[in-house]
2 protein chains.
Amino acid sequence: MPAPAEPEPAGRRRQIAEAVWRIAAERGLQMATVREIAAEAGVSPRVVQYHFTDKHHLLLYALQTLQKENERHGRQRIAALGHDPRVLLRATLEELLPLDDQRRMSLRVMTAYYARSLTDPALAAVFLHEGSPLEDLVAALISAAGLRPSIDAGREADLLVGGVSGLGLDLLHRRRTRADVLRTIDYHLNRILSSG
Amino acid sequence: MPAPAEPEPAGRRRQIAEAVWRIAAERGLQMATVREIAAEAGVSPRVVQYHFTDKHHLLLYALQTLQKENERHGRQRIAALGHDPRVLLRATLEELLPLDDQRRMSLRVMTAYYARSLTDPALAAVFLHEGSPLEDLVAALISAAGLRPSIDAGREADLLVGGVSGLGLDLLHRRRTRADVLRTIDYHLNRILSSG
DNA sequence: CCTCTCAAGATACGAACGTATCAATGACAC
DNA sequence: GTGTCATTGATACGTTCGTATCTTGAGAGG
């Protein structure tokens with residue numbers, strides 16, 4: 001019984017990380033114990049122990065993997081929309097919202113990790129990239145889409161990224177409706193960009 | 001030894017709640033065990049057990065008390081500034097930022113609770129007031145301060161509240177400087193309001 | 001056929017968790 | 001004095017935690 005039916009030791013870590021995501025999203029990060037993770041992944045606790053040196057490395061790996069996954073999915077969705085800067089800008093902002101089950105789960109997990117990152121430097125490092133790539137991207141898209149006079153693309157991007165993230169969290173709590181959030185985003189894009 | 005040296009059973013709950021705040025802010029909510037809370041509060045674990053029916057009620061009480069405390073402090077600070085709507089608006093937004101140790105601790109604690117509220121209805125209820133009082137207040141202040149043509153106070157308030165909160169979280173992570181955040185807020189207030 | 005190595009099962013250990021139990025203390029009414 | 005009641009000390013119970021240990025199975029190389 002204790003032998004590998006599949007010759008793939010590579011997908012095991014991924015499989016376990018996905019179990020962490022589901023538990024963190026549905027029951028919270030504090031419920032992600034080794035035994036619960038193993039049960040959710042459909043493996044024995046020993047398998048979790050074998051593939052990660054300790055729980056801290058496991059949680060870190062799950063966060064890093066989810067972040068890469070999000071970025072990959074986001075780029076795919078956005079790249080399929082062409083090259084119109086205004087369309088890309090809108091899509092980039094909407095990527096921050098929990099508009100489907102995948103992004104809803106991801107945002108819940110990331111929120112749990114973010115809170116823990118305030119007291120865990122290893123997790124904090126994942127959230128602290130060099131510079132502000134997302135804000136820079138949004139600012140560049142604003143400039144490329146053409147902005148109205150006396151608009152500062154950088155300052156607009158700074159508030160937009162934080163603001164849309166906040167609206168996304170409100171969506172998680174059902175404190176706002178999706179339609180209202182999208183209307184707020186449209187208002188501000190119309191306000192910032194020149195051509196209607 | 002096991003007797004009350006002070007005849008004040010009223011402040012005990014408060015004293016214990018403050019211990020929760022310090023632990024949650026400095027080490028995270030998952031470190032707020034009954035024994036740690038008791039040690040931080042300078043009492044025996046039995047005292048914690050006696051004044052709260054269980055840990056869930058304790059954590060809920062600590063959250064509710066901190067929220068009231070924040071609102072009280074915020075109102076005090078803002079009320080001391082007079083009645084100029086523009087000044088009040090700026091102060092209301094800055095109240096969301098971790099500009100001193102008190103607010104820095106509070107924001108860290110609230111962030112930890114917020115994450116947990118995603119999987120805990122009792123905690124979520126604390127964050128879900130009726131309507132959106134903060135957004136409504138900001139919108140009212142924008143209108144009172146006088147807004148430029150074709151500005152929607154409600155939509156501006158929606159993005160401002162979320163955006164400034166996001167900037168505050170960036171401050172916690174030292175991802176932005178305080179001066180940069182304040183400059184971003186100034187930019188948007190100048191953009192929204194009519195008179196320079 | 002043998003052996004070496006990777007992967008996993010089975011189990012256990014010490015620590016820490018939330019909570020329960022029982023006794024003891026001090027303040028106070030009478 | 002002497003009960004009474006609110007509060008606290010001291011201790012223990014059962015559970016769950018992360019992790020360590022030992023063993024077993026499968027496939028590859030010689």
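All of these numbers come straight from a predicted model, not from anything done at the bench.
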(message) Are there over 12 heavy-atom neighbours, none belonging to B/R77, within less than 6.0 Å of that residue's CZ?
(response) yes

Spacing between [X] atom [atom1] and [N] atom [atom2], to the nearest angstrom:
X     : N      : atom1 : atom2 : answer
A/F52 : C/dA7  : CZ    : P     : 13 Å
A/K55 : C/dA16 : NZ    : C1'   : 13 Å
A/L58 : D/dG18 : CG    : C1'   : 12 Å
A/R13 : C/dC6  : CZ    : C1'   : 15 Å
A/Q15 : C/dA7  : CD    : P     : 14 Å
B/R12 : D/dG9  : CZ    : C1'   : 13 Å
B/Y50 : C/dC22 : OH    : C1'   : 15 Å
B/R35 : D/dC13 : CZ    : P     : 14 Å

(message) Does a side-chain N or O of A/S44 approach OP1 or OP2 of C/dG9 to a distance below 4.0 Å, or not?
(response) yes

(request) Please confirm whether the backbone N or O of B/L107 pairs with a side-chain atom of B/T111, one donor and one acceptor, at under 3.5 Å? (result) yes

(request) Return yes if some donor-acceptor pair links the side-chain N/O of A/S106 with the main-chain N/O of A/Q102 below 3.5 Å, else return no. (result) no

(request) Check each residue of residues 24-34 of chain A for a non-hydrogen atom within less than 4.0 Å of any atom in DNA chain D, then write out the ones that pass by number, or none. (result) A/T33, A/V34

(request) Start with the C-alpha gap between A/L160 and A/I142, add the side-chain angles, then the distance that decides, and say whether side chain to side chain contact (heavy atoms under 4.5 Å, CB included) holds. (result) CA-CA 11 Å; A/L160 267 180; A/I142 289 176; 4.2 Å; yes

(request) Mark yes or no for a side-chain to base donor-acceptor pair under 3.5 Å between B/R46 and C/dT19, with no hydrogen or angle criteria applied. (result) no

(message) Taking the ring of B/H173 and the ring of A/Y114, is the distance between their centroids below 6.0 Å?
(response) yes

(message) Can you tell me which nucleotide in C/dA20, D/dT19, D/dA12 comes closest to the side chain of A/Q49?
(response) D/dT19

(message) Among D/dG18, C/dA8, D/dT7, which nucleotide has an atom closest to any side-chain atom of A/H51?
(response) C/dA8

(message) Apply side chain to side chain contact (heavy atoms under 4.5 Å, CB included) to residues B/R103 and B/E95 and explain how you reach the verdict.
(response) CA-CA 8 Å; B/R103 277 175 283 185; B/E95 202 58 40; 3.6 Å; yes

(message) Would you compute the distance between atom CZ of A/R72 and atom CG of A/N70 and round it to the nearest 0.5 angstrom?
(response) 10.0 Å

